[in-house]
Peer 1: 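I'd like to ask some things about the structure below.
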Amino acid sequence: AQHEWTYSGGLEEEQWPLEYPSCGGQKQSPIDLQRRKVQFNPYLKPLNLTGYGEEDMEFPMINNGHTVQITLPPTMSMTDSDGTRYIALQMHYHWGGGSSEVSGSEHTIDGIRRVIEIHFVHYNAKYANYDEAKDKSDGLAVLAAFIQDYAENTYYSSFISELANIQYPGQTTTLNGIDIQDMLPGDLYHYYTYSGSLTTPPCTENVKWFVLEDSIKLSRTQVLKIENSVKNHNNETLHNGYRKTQPLHQRVVEANFL
Ligand code: B30
Ligand code: ZN
């Protein structure tokens, strides 16, 4: 069946490697981004996002039981510093919440977890589609951004109000009149990058990660709505959908800022 894995109870993260061997590999994500150990690479160019600023688009949005996911059109793409182009497929969120209102980002910076983390999942444009790319060693790239609570962000209003229509797993809705570029941090120039994996099963180790330094600002009220609007397959509010940070092993994290 789909989504047999969980974050707690059942096939929880310590047991993922039993069913999905890659989850026990040496290049897993997320990781703790330790500023002191990051390798400064002044030759890393800014990411080039194409089609992200398109207005008046319609985006399908689903509660898939472990996150809220928005389908992105192939007209959206990202070109990295090497000139490799990746086509957008979907974006989704990882959050904490619950009674203790814990932060729920997947990557941490110097051990500190941010409130929410957004993933923009892309596949290498040299492959015909995601299915062709998903098992290739150079198949995927994820652009990650953090959400912090700070002040109301009206660019997130329609996304947040649509959550009420996808309370239950399998429910879908449509996001209208949003501009994805507006939902990103202002500074798209400064990022961390490293080689890792999908952060959920099958944990395939073919993801080039780009984690933005700047964060998206939402109000506490908006954060609470994201954290408390959707339910999982057990009819419980979906909380704490993030994986523990994984060992770095032989990898090096690079950044284009100090
Ligand atoms: S992430 O960005 O590293 N968190 C997948 C894509 C991105 C990430 C993690 C996983 C992925 O494609 N997983 C396989 C597909 N899923 C279906 C789905 O999209 O929602 C199968 C599944 O997990 O069992 Cu749930
Ligand atoms: Zn993710």
Side-chain angles (χ1 to χ4, degrees), residues 1-7 10-13 15-23 25 27-31 33 59-72 74 76 78 86-96 103-108 113-124 127 129-147 166 168-172 183-184 191-212 216 226 230-234 238-246 251:
Q2 243 196 319
H3 303 138
E4 275 183 343
W5 56 270
T6 68
Y7 289 103
L11 192 67
E12 54 193 22
E13 53 181 301
Q15 292 160 7
W16 292 355
L18 303 174
E19 291 260 345
Y20 305 94
S22 294
C23 299
K27 288 173 58 180
Q28 290 293 290
S29 294
I31 57 168
L33 300 161
F59 302 91
M61 178 161 141
I62 186 173
N63 170 354
N64 65 21
H66 53 95
T67 187
V68 169
Q69 187 168 302
I70 297 167
T71 303
L72 301 175
M76 284 173 58
M78 167 174 84
Y86 296 92
I87 298 172
L89 178 76
Q90 50 110 331
M91 64 188 271
H92 62 265
Y93 295 73
H94 297 267
W95 65 85
S103 292
S105 73
E106 296 217 287
H107 289 89
T108 55
R113 200 173 292 289
R114 301 288 166 91
V115 179
I116 296 176
E117 183 168 332
I118 310 187
H119 290 156
F120 294 84
V121 183
H122 299 72
Y123 62 93
N124 195 322
Y127 300 113
N129 50 51
Y130 186 78
D131 229 49
E132 288 288 318
K134 73 178 199 295
D135 298 314
K136 304 297 194 300
S137 62
D138 58 354
L140 308 180
V142 179
L143 174 63
F146 299 112
I147 291 179
I166 53 168
Y168 299 99
Q171 286 188 308
T172 59
M183 297 172 81
L184 284 167
Y191 59 85
Y192 301 92
T193 183
Y194 76 97
S195 295
S197 73
L198 296 178
T199 65
T200 68
C203 308
T204 319
E205 294 183 324
N206 65 346
V207 181
K208 210 162 163 184
W209 281 91
F210 298 94
V211 181
L212 295 174
I216 299 153
I226 295 175
V230 297
K231 296 181 193 298
N232 65 18
H233 292 286
N234 297 325
L238 222 170
H239 283 144
N240 303 327
Y242 63 90
R243 187 188 195 188
K244 291 186 179 72
T245 55
Q246 304 293 306
R251 294 174 289 177

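Order of appearance sets the numbers: ligands from 1, and atoms from 1 within every ligand.
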Peer 1: Which class fits the ring pair Trp209 and Tyr194: parallel under 30°, tilted 30 to 60°, perpendicular over 60°?
Peer 2: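 Taking Tyr194 first and then Trp209, their aromatic rings lie parallel (interplane angle under 30°).
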Peer 1: Between Trp95 (side chain) and Gly241 (backbone), is there a donor-acceptor pair under 3.5 Å?
Peer 2: no
Peer 1: At what distance, to the nearest 0.5 angstrom, does OG1 of Thr193 lie from CG of Leu143?
Peer 2: 10.5 Å
Peer 1: Using a 4.0 Å cut-off to any heavy atom of Thr200, which atoms of ligand 1 qualify?
Peer 2: 9 (C), 10 (C)
Peer 1: Between Ser103 and Tyr242, is there a side-chain donor-acceptor contact under 3.5 Å, judged purely by atom types and distance?
Peer 2: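 No donor-acceptor contact under 3.5 Å links the two side chains.
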Peer 1: Quick one: does Trp209 get an N or O within less than 3.5 Å of an N or O on ligand 1?
Peer 2: no
Peer 1: Name the one of Thr200, Ile118, Ile70, Val121 that satisfies side-chain contact (heavy atoms from CB on, under 4.5 Å) with His92?
Peer 2: Val121
Peer 1: Hey, what do you get for CG (Leu140) to CG (Leu89), rounding to the nearest 0.5 Å?
Peer 2: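 Here the rounded value is 9.0 Å.
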Peer 1: Purely on distance, is any nitrogen or oxygen of Tyr130 under 3.5 Å from one on ligand 1?
Peer 2: yes
Peer 1: Counting from 1, what ligand 1 atoms have a heavy atom of His119 closer than 4.0 Å?
Peer 2: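 In order of numbering, the contacting atoms are 1 (S), 2 (O), 4 (N).
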Peer 1: Between the candidates Val207, Leu198, Ile62, which shows the shortest non-hydrogen contact distance to atom 6 (C) of ligand 1?
Peer 2: Leu198
Peer 1: Look only at the side chain of Glu106 and the backbone of Glu117, and say whether a donor-acceptor pair between them is shorter than 3.5 Å.
Peer 2: no
Peer 1: Going by heavy atoms, is His94 under 4.0 Å from ligand 1?
Peer 2: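 Judged by the 4.0 Å heavy-atom criterion, His94 does count as contacting ligand 1.
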Peer 1: Quiz question: by atom type and distance under 3.5 Å, do the side chains of Asp131 and Tyr123 form a donor-acceptor pair?
Peer 2: no
Peer 1: Counting heavy atoms only, which of Gly241, Cys203, Pro201 is nearest atom 13 (N) of ligand 1?
Peer 2: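 The residue whose heavy atom sits nearest atom 13 (N) of ligand 1 is Pro201.
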Peer 1: Under 2.8 Å from the Zn ion (ligand 2), which protein N, O or S atoms do you find? Ignore water molecules.
Peer 2: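 Near the Zn ion (ligand 2), the protein supplies His92 NE2, His94 NE2, His119 ND1.
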Peer 1: Measuring from atom NE2 of His119 to atom NE2 of His94, what distance do you get when rounded to the nearest 0.5 angstrom?
Peer 2: 4.5 Å
Peer 1: Between Phe210 and His122, is the ring pair (Phe, Tyr, Trp, His ring centres under 6.0 Å) condition met? List the steps.
Peer 2: CA-CA 11 Å; Phe210 298 94; His122 299 72; 8.8 Å; no
Peer 1: Kindly indicate whether a cation-pi arrangement holds for Lys208 with Tyr86, taking the cut-offs as under 6.0 Å to the six-membered ring centre and within 45° of the axis.
Peer 2: no
Peer 1: Given that the side chain starts at C-beta and the backbone is N, CA, C, O, which of these parts of Gln90 lies under 4.0 Å from ligand 1, counting heavy atoms, or is it both or neither?
Peer 2: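 The side chain, only.
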Peer 1: May I ask you to check if ligand 1 and Asn64 share an N or O to N or O distance below 3.5 Å?
Peer 2: yes
Peer 1: Mind checking whether Glu4 has a heavy atom under 4.0 Å from ligand 1?
Peer 2: no
Peer 1: Heavy-atom contacts with Val121 under 4.0 Å: which atoms of ligand 1 show up? List them by number with element.
Peer 2: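 So the answer, numbered in order with elements, is 2 (O), 7 (C).
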Peer 1: Return the name of the atom in His66, of element N, O or S, nearest to atom 25 (Cu) of ligand 1.
Peer 2: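 In His66, the N, O or S atom with the shortest distance to atom 25 (Cu) of ligand 1 is NE2.
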Peer 1: Which bit of Phe120 gets closer than 4.0 Å to ligand 1, counting heavy atoms only: side chain, backbone, both or neither?
Peer 2: neither
Peer 1: Look at the side chain of Arg243 and the backbone N and O of Glu13, then say whether any donor-acceptor pair between them is shorter than 3.5 Å.
Peer 2: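 Side chain of Arg243 to backbone of Glu13, a donor-acceptor pair under 3.5 Å: no, none is there.
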